[in-house]
Protein chains: 2
Amino acid sequence: MAVARKPNVGVTELAQKTGITKSRAYRLLHTMEQRQIVKRTSESTYGLGDAMLILGITASTQTDMIRLATPILEELCQRVNETVQLRIIDGVEALCIAKAEPSRDLRVHANVGRRRPLYAGSPKCLLAYQQPDFIDRCVPAKPPALTAQTPKSRRAILAELERIRGQGYCVSRGEVSEHQVSCAAPVYALDTSVVASIHVVAPAFRIRDSELAHIIRLATSAAERLSRALGWSEEG
Amino acid sequence: MAVARKPNVGVTELAQKTGITKSRAYRLLHTMEQRQIVKRTSESTYGLGDAMLILGITASTQTDMIRLATPILEELCQRVNETVQLRIIDGVEALCIAKAEPSRDLRVHANVGRRRPLYAGSPKCLLAYQQPDFIDRCVPAKPPALTAQTPKSRRAILAELERIRGQGYCVSRGEVSEHQVSCAAPVYALDTSVVASIHVVAPAFRIRDSELAHIIRLATSAAERLSRALGWSEEG
DNA sequence: CCTAGGCGTTTCGTCTACCGAAACAAGATC
DNA sequence: GATCTTGTTTCGGTAGACGAAACGCCTAGG
């Protein structure tokens, strides 16, 4: 898992990160390489191997989340005619685990596996519903100003999270990338915790406020349907 | 990996399949459950867990195969306007690890993670280039007759594999499913072994022989481009 | 209603194979 | 060429994994 978090590093650094001895790290990597769990990406750096690829693909067919989400994402994608993503929290980042893209030429491109910080743009929708101490760790004191619209202070972000919790969705107008607008709605699990979020992301010029309201309704509805499919119900 | 191969089984069966004692199987599953590598799918059956999902998604971004293949599959998909798949061998089956689908209404649906036998239909393209003893193990003496077009004997299948090796591609007209036609071309790795295959699969009524020839050319070309991207060259 | 056999789970004493520290080889950097 | 780095190997000691067997708890079947 350390290799997954930070690929293309050597034995020594991995040993330090994980707090194990260099001998042990070397031996573990060596046997993992034999089993194709990791592979060398260069002379002495490691990345995840083919076995993990196969296991991961198999896991995605065994795991309810993606299997249940795929048709919902595709229907939402078709209705809004924009790119749709499903994200979960991994570590202190938002990880895209599924997507659906419309067939029109000009669209926002999405990548399964891409990570984004939780404190900026629509990933805030995921962050808003986490434990206070986790939120505390994730929001930096001085967030980097990606665009003119990026919230400039920790205080501003925390206020935004509060608003998200109140209205039940999140809208980001050019916070991460100048000409993109995205909105997201939370997906609840059986235990009423938020386990994922559904995002619609589009070129800013195409989305007027009236359309945005419509998109939010559809996204919220899709998120709610996925929540129900995962066992959640209104009265948890 | 045994859990991946056969999900929803209990401790005892897994212990037998893997040849380890029941005690060991139980303890391993127990700690794997804590680490979210596996999870219980019911009271006493196991499936792959969330950690494997995350690792697998991460692996797919670190692994050259899928990263390099995705744009090639999408271009091929756009050109033939039919569903396109990338398959590899896992165990004695063909595993779909990536796909691209056109946006037209009537199309063949593909699922990443789905497995198919190697001895029927276009997966024969993968089988044809394997070691003789592996082929021997994969081709059953009495193949099940899925449709009227399914090869009826072991001998017929072996002859077909020979033909595939000769022409460099594989065509299946309704061998697995009555109204589907599919063709496939092999993807070579640096060591000139066949590591994957690119498949185009379409409704039979839409594909006349003249179009089929065109599709084969495009599929073969796409497979060759992927091969080159993986380091293969004409004179290996 | 009882028994037999299946399951997952727990215990226990043995002993193995994994561990950390240290040495070693091989490049880098200066 | 001295001195840092890397990755790799050796070695003795012991932590902890191991298999066998026992233990509840089921269900099936007589």
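Per chain, numbering begins at 1; letters A, B, ... match sequence-line order. Just so it is clear, the values below take in all heavy atoms, side chains as well, and ignore hydrogens, waters and symmetry mates.
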Count the heavy atoms belonging to other residues, nucleotides or ligands that lie under 6.0 Å from NZ of K152(A), then report whether that count exceeds 12.
yes
Can you tell me if the side-chain N/O atoms of Y26(A) get under 4.0 Å from OP1 or OP2 in dT8(D)?
yes
For a quick check under 3.5 Å, do S122(A) and H199(A) share a side-chain donor-acceptor pair by atom type?
yes
What I want to check is whether the side chains of S60(A) and T63(A) have a donor and an acceptor closer together than 3.5 Å.
no
Provide, to the nearest angstrom, the distance between the [atom1] atom belonging to [X] and the [atom2] atom belonging to [N].
| X | N | atom1 | atom2 | answer |
| --- | --- | --- | --- | --- |
| Q16(B) | dG6(C) | CD | P | 10 Å |
| M32(B) | dA17(D) | CE | P | 13 Å |
| L29(A) | dC19(C) | CG | P | 12 Å |
| N8(B) | dG8(C) | CG | P | 13 Å |
| H30(A) | dA17(C) | NE2 | P | 17 Å |
| E43(B) | dT27(D) | CD | P | 11 Å |
| R40(A) | dT6(D) | CZ | P | 16 Å |

Heavy atoms under 4.0 Å is the rule here; annotate nucleotides 20-30 of chain C 5' to 3' with B where the base is hit, S where only the sugar-phosphate is, and - elsewhere.
BBB--------
Taking D136(B) first and then R154(B), would you say they form a salt bridge - that is, a charged N and a carboxylate O separated by under 4.0 Å?
yes
Minimum side-chain heavy-atom gap I157(A)-K124(A) below 4.5 Å
yes
Which atom pairs, donor and acceptor, lie under 3.5 Å between side-chain atoms of residues 2-14 of chain A and protein residues at least two apart or in another chain?
from, atom 1, to, atom 2, distance (Å)
K6(A), NZ, E13(A), OE2, 2.9
N8(A), OD1, T41(A), OG1, 2.9

